[in-house]
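Scroll down for the structure; my scribbles are underneath it.
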Amino acid sequence: MNSNPLPYSFYKQDTIHLAKALIGTHLMHTVAGEIVVGRIIETEAYLGVLDKACHSYSNKQTKRTAILFGPPGRVYTYTMHTHCLLNIVAGKEDQPEAVLIRGVKPVFGFEKMEALRGMKATSTTFSNGPGKLTKALGITMNHYGHFLCEDPLIICEGSEPTRIEVTNRIGIGKADQAKHYPWRFIEKEI
DNA sequence: GACATGATTGCA
DNA sequence: GCAATCATGTCT
């Protein structure tokens with residue numbers, strides 16, 4: 001397995017392209033000396049200023065979203081209800097865009113992941129949601145602002161996706177037209 | 001389809 | 001301070 005982190009330049013591409021390019025890559029986390037790896041299979045792009053569903057809509061900057069206004073390639077974690085959601089900051093500085101990781105497939109470190117998640121990794125509901133995958137991979141608010149080219153949490157090259165499907169985003173309550181934007185990418189099951 | 005559950009936010 | 005909000009998960 002290739003464990004070289006993707007270069008910083010990878011994160012400089014257009015946010016929507018980045019969301020698509022992240023499909024099939026490997027999210028690798030070293031937690032308590034053990035390595036767990038998930039293959040990213042579902043992402044969503046959030047385009048800051050234009051996007052009513054984004055936390056940084058119309059350049060709204062708060063303590064929570066501050067990291068979005070910095071350089072890309074960083075982790076934006078955010079607590080939703082009782083869960084922690086994982087985003088990757090995209091866009092240039094002062095361009096508050098991000099990609100939400102919505103789903104992964106277990107690749108390596110099954111025992112550790114099962115212990116973290118408290119469920120069998122073979123279950124179809126194991127890591128097919130933004131709150132589930134952070135739990136399975138041991139990602140917490142401690143990773144807020146972490147740079148993804150450095151240990152213990154990195155993204156490295158995975159395998160080519162078979163087929164990418166583009167749909168509108170889901171789980172957004174009130175965001176008017178923004179919820180219809182086709183900014184969700186999923187790898188279709190073989 | 002209901003509700004549990006916690007951090008953030010905006011306003012008093 | 002406090003109440004409304006929420007990019008969810010799990011149960012029925």
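Naming: A, B, ... by sequence-line order, numbering from 1 per chain.
Note on A/Lys20 versus A/Asp14: no salt bridge recorded, every NZ/NE/NH1/NH2 to OD/OE distance being 4.0 Å or above. A salt bridge is defined here as a Lys NZ or Arg NE, NH1 or NH2 lying under 4.0 Å from an Asp or Glu carboxylate O, and A/Glu187 with A/Arg163 fails to meet this definition.
Residue A/His83 contributes atom NE2, which lies 6 Å from atom P of C/dT10 at whole-angstrom precision. A/Met119 has its CE atom 9 Å from the C1' atom of C/dG9, to the nearest Å. Atom OH of A/Tyr144 is separated from atom C1' of B/dA7 by 13 Å (rounded to the nearest Å). Distance, A/Tyr76 OH to C/dC6 C1': 11 Å, rounded to whole Å. The CD-P distance, from A/Glu42 to C/dA7, rounds to 16 Å in whole Å. Note: CE (A/Met80) to P (C/dT10) measures 15 Å, nearest angstrom. If you take CD of A/Glu97 and P of C/dA7, they are 18 Å apart, rounded to a whole angstrom.
At least one side-chain heavy atom of A/Ile35 sits less than 4.5 Å from a side-chain heavy atom of A/Phe108.
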Taking Watson-Crick and G-U wobble contacts under 3.5 angstrom, with | marking pairs to another strand and [ ] crossing pairs, the secondary structure of DNA chain C is written ||||||.||||.
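For the residue pair A/Ser159 and A/Arg39, a side-chain donor N or O sits within less than 3.5 Å of a side-chain acceptor on the partner. Judged by distance alone, the side chains of A/Tyr46 and A/Glu44 do bring a donor and an acceptor atom under 3.5 Å apart. A/His55 and A/Tyr76 form a side-chain donor-acceptor contact under 3.5 Å, judged by distance and modelled atom types alone.
One finds no side-chain N or O of A/Arg102 lying less than 4.0 angstrom from the OP1 or OP2 phosphate oxygen of C/dG9.
Minimum heavy-atom separation, A/Leu137 to A/Leu27: CD1-CD2, 3.5 Å. The heavy-atom pair separating A/Pro152 from A/His146 by the smallest distance is CD-CE1, 3.8 Å.
Contacts of residues 48-72 of chain A with DNA chain B (heavy atom under 4.0 Å): A/Lys60, A/Thr62, A/Arg64.
A stacked arrangement is not assigned to A/Tyr78 and the six-membered base ring of C/dA7, the conditions of a centre distance below 5.5 Å and an interplanar angle below 30° not being jointly met. Stacking annotation: A/His81 is stacked on the base of C/dT8 (ring centroids less than 5.5 angstrom apart, interplanar angle below 30 degrees).
Using a 4.0 Å heavy-atom cutoff across all strands shown, A/Arg184 reaches no nucleic acid atom at all. Among the protein residues, A/Ile172 comes within range of the sugar-phosphate backbone only, with heavy atoms under 4.0 Å from sugar or phosphate atoms but none that close to a base.
Between A/Asn87 and A/Lys135, the residue anchored nearer the 5' end of DNA chain C, judged by the nucleotide with its closest heavy atom, is A/Asn87.
At a threshold of 4.5 Å between side-chain heavy atoms, the hydrophobic network of Ile, Leu, Val, Met, Phe, Trp and Tyr places A/Ile155 and A/Val36 in one connected group.
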